[in-house]
2 protein chains.
Amino acid sequence: MITIQELDTYRLEMAANMLKAIAHPMRIAILKHLEGGKKLTVTEIHELLGIEQATTSHHLGILKDKGVLCSRREGKNTSYYLKHDILSQIIDCLQKCTCE
Amino acid sequence: MITIQELDTYRLEMAANMLKAIAHPMRIAILKHLEGGKKLTVTEIHELLGIEQATTSHHLGILKDKGVLCSRREGKNTSYYLKHDILSQIIDCLQKCTCE
DNA sequence: GCCAAATATTTATATATTTGCATCTGTTAA
DNA sequence: TTAACAGATGCAAATATATAAATATTTGGC
């Protein structure tokens, strides 16, 4: 038996965890490259952003773990993509709010 | 003289800081109450959410410092409100993404 | 000026994140 | 079955954040 408050607390925490996952400069940069349903491999992202392979994989793992991204193994590579297209809204909003 | 990369890095950090400010269960709850241009005082928020006054003020300070909220002193009270209406998009998106 | 109400700041402790490096695990192709 | 490539994981040091309690500041009314 779960109460409304608990449900709400649970959802708030889930939402906070998703946002916390996104709230990092590198991870926002990753999401920018995945807008519009694009799929990229770990190597592509690590080359695009010029960061270590292990660091890239770590960031992608966080985003996947918190429900922001999905991944799919394709041979030697693993591609990552947005779990919900609607997440682009957050990136859009950030672009607009950091224009000043 | 500032380079494109530096500008981009700066904006990414600014965006990350805004999101980091929002990415906390209590602070998301606060924003939910401020959607639609509403203005609430510190006391109203601390009573609505049932958290300590000092804690409330602390959370509001973080949101203001990172550019999410604005505040306005009105007599003994201080009201807080969203700096950009568009920030509701983030709350909307979170509601939709945490429905499962 | 002085008090009380409404906010804000400070401090300390506990906890969580970030990052690079090294290492380990899968997978393909020879 | 082994070499080489792609990705994931574990660890440690530096850094950042959270939380609660105590204290400070600002404002209006007397």
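Just so it is clear: chains get the letters A, B, ... in the order the sequence lines come, proteins before strands, and each one is counted from 1.
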Within less than 4.0 Å of OP1 or OP2 of dT7(C), is there a side-chain N or O belonging to Asn77(B)? yes
Reckon Glu52(B) touches a base, only the sugar-phosphate, or nothing at all at heavy-atom distances under 4.0 Å? nothing
Taking atom types as modelled, find out whether Ser79(B) and Arg72(B) have a side-chain donor-acceptor pair closer than 3.5 angstrom. no
Nearest-nucleotide wise, let me know which of Val42(A) and Lys20(B) is further upstream toward the 5' end of DNA chain D. Val42(A)
hydrophobic_cluster_shared for Ile45(B) and Met26(B), side chain cutoff 4.5 Å: yes
Interatomic distance, Leu49(B) CG vs dT19(D) P [rounded to whole Å]: 14 Å
Would you say a side-chain N or O of Arg27(B) is under 4.0 Å from OP1 or OP2 of dA18(D)? yes
Do Ile62(A) and Val42(A) belong together in a cluster built from hydrophobic side chains that touch within less than 4.5 Å? no
Thr41(A) near the nucleic acid: base, sugar-phosphate alone, or nothing, with a heavy-atom cut-off under 4.0 Å? sugar-phosphate
Salt-bridge present (Lys39(A), Glu74(A); N to O < 4.0 Å): yes
Among dA18(D), dT27(D), dC5(D), the one nearest any side-chain atom of Lys76(B) is dT27(D)
Take atom CG of Leu19(A) and atom P of dT17(D), then tell me their distance rounded to the nearest Å. 15 Å
Using a cut-off of less than 4.0 Å, is there contact between a side-chain N or O of His58(B) and OP1 or OP2 of dA20(D)? no
Whole-Å distance between dT15(D) C1' and Glu13(B) CD? 14 Å
Which whole-number value in Å describes the distance from Asp65(B) CG to dT7(C) C1'? 16 Å
Check every strand shown and say whether Gly61(B) touches a base, only sugar-phosphate, or nothing at a heavy-atom separation below 4.0 Å. nothing
To the nearest angstrom, how far is Leu60(B) atom CG from dA8(C) atom P? 7 Å
What is the nucleic acid contact for Thr78(A), judged by heavy atoms within less than 4.0 Å: base, sugar-phosphate only, or nothing? sugar-phosphate
Tyr80(B) side chain N/O closer than 4.0 Å to the phosphate oxygens (OP1, OP2) of dA8(C)? yes
Rounded to whole Å, please give me the gap between CD1 in Ile62(A) and P in dA16(C). 14 Å
Nearest-nucleotide check on DNA chain C, Arg73(B) vs Gln53(A); residue mapping nearer the 5' end is Arg73(B)
For dT19(D) and His24(B) - does any side-chain N or O of the residue sit under 4.0 Å from the phosphate oxygens OP1/OP2? yes
Please give, in whole Å, the distance from dC5(D) P to Glu44(A) CD? 17 Å
Do any side-chain nitrogens or oxygens of Ser57(B) fall under 4.0 Å of OP1 or OP2 in dA8(C)? yes
Looking at Lys83(B), Met18(B), Arg27(B), which one forms a side chain to side chain contact (heavy atoms under 4.5 Å, CB included) with Val68(B)? Met18(B)
Would you mind telling me which residue lines up with the more 5' stretch of DNA chain C, His59(A) or His46(B), judged by nearest nucleotide? His46(B)
Is the phosphate of dG20(C) approached by Thr55(A) (side-chain N or O, under 4.0 Å from OP1 or OP2)? yes
Here the distance between atom P of dT17(D) and atom CG of Leu63(B), to the nearest Å, is 14 Å
Counting neighbours of CD on Glu35(B) that are heavy atoms of other residues, nucleotides or ligands and sit closer than 6.0 Å, is the number greater than 12? yes
